[in-house]
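A short write-up of the structure that comes next.
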Amino acid sequence: MDKNEKKVGYMTSMSKPGKGCAGDTGEWRVFKPVKDEEKCNHCLLCWIFCPEATITKDIEIDYQYCKGCGICAVECPTGAITMVKEEKQ
Ligand code: SF4
Ligand code: SF4
């Protein structure tokens, strides 16, 4: 166990974002989540529910791996996350 890790009384699994078989999700994502800092109360629900672990505990979204599923926007209790259509470059 790393000296910075704390022992807890339960087990959980954590994933890390990584390149999938379809490449970086940022290459094909249709919608992307955009956070409104004014509405965010840092409850961390989006961090918990994101299936790709692309949201940090500081509620920053890694758009390289976010697939645009919108789960974070659905789970956000304050409506701080809006799904916005990607602009073609
Ligand atoms: S849209 Fe999906 S993958 Fe992207 S940050 Fe939200 S929950 Fe995670
Ligand atoms: S779920 Fe919404 S309010 Fe909670 S941390 Fe995420 S963006 Fe902020």
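Below, each value reflects all heavy atoms present in this structure, side chains not excepted, and no hydrogens, waters or symmetry copies. We count ligands from 1, going down the list as the structure has it; atoms in each ligand are counted the same way. Keep in mind that what you see is a predicted model, and the values were worked out from it rather than measured.
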For residues Met83 and Val30: do they belong to one hydrophobic cluster (side chain heavy atoms under 4.5 Å, members Ile, Leu, Val, Met, Phe, Trp, Tyr)? yes
of all protein heavy atoms, closest to atom 3 (S) of ligand 2 is Asn41 OD1, 3.2 Å
Confirm or rule out an N/O/S atom of Cys40, from backbone or side chain, lying less than 2.8 Å from atom 8 (Fe) of ligand 2. yes
Full working for side-chain contact (heavy atoms from CB on, under 4.5 Å) between His42 and Glu37: CA-CA 9 Å; His42 294 263; Glu37 187 59 48; 3.2 Å; yes
Any atoms of ligand 2 less than 4.0 Å from a non-hydrogen atom of Pro77? List them with their elements. 1 (S)
Value rounded to 0.5 Å, distance of CG in Leu44 from NZ in Lys57: 7.0 Å
Treating Asp36 as the side-chain partner and Glu38 as the backbone partner, does any N or O pair qualify as donor plus acceptor under 3.5 Å? yes
Is there a chain of hydrophobic side chains (I, L, V, M, F, W, Y, each step under 4.5 Å between heavy atoms) that links Ile81 to Val74? no
When rounded to the nearest 0.5 Å, the distance separating CD of Glu75 from SG of Cys50 is 11.5 Å
d(Lys39 NZ, Thr82 OG1) to nearest 0.5 Å is 6.0 Å
With atom 8 (Fe) of ligand 1 as the centre, enumerate protein N/O/S atoms below 2.8 Å in chain and residue order. Cys50 SG
Arg29 side-chain N/O to Tyr63 backbone N/O, donor-acceptor pair under 3.5 Å: yes
Taken to the nearest 0.5 Å, the spacing of Lys85 NZ from Phe31 CZ works out to 5.5 Å
Name the closest protein heavy atom to atom 4 (Fe) of ligand 2, giving the residue it belongs to and the distance to 0.1 Å. Cys43 SG, 2.3 Å
Which ligand 1 atoms, with their elements, are less than 4.0 angstrom from a heavy-atom of Gly68? 1 (S), 4 (Fe)
Rounded distance [0.5 Å steps], SG in Cys66 versus CD1 in Ile55: 7.5 Å
Can you sort out which atoms of ligand 2 are near Cys76, meaning under 4.0 Å from one of its heavy atoms? 1 (S), 2 (Fe), 3 (S), 7 (S)
Residue Ile81 vicinity, atoms of ligand 2 by number, heavy atom under 4.0 Å: 7 (S)
Between Lys35 and Ile59 (side chain of the first, backbone of the second, donor and acceptor by atom type, cut-off under 3.5 Å), is there such a pair? yes
Mark up the atoms of ligand 2 that fall under 4.0 Å of a heavy atom belonging to Ile59, in ascending order. 5 (S)
A student checking ligand 2 against His42 at a 4.0 Å heavy-atom cut-off should list atoms 5 (S), 8 (Fe)
Numbered atoms of ligand 2 (with element) below 4.0 Å of Thr78, judged on heavy atoms: 3 (S)
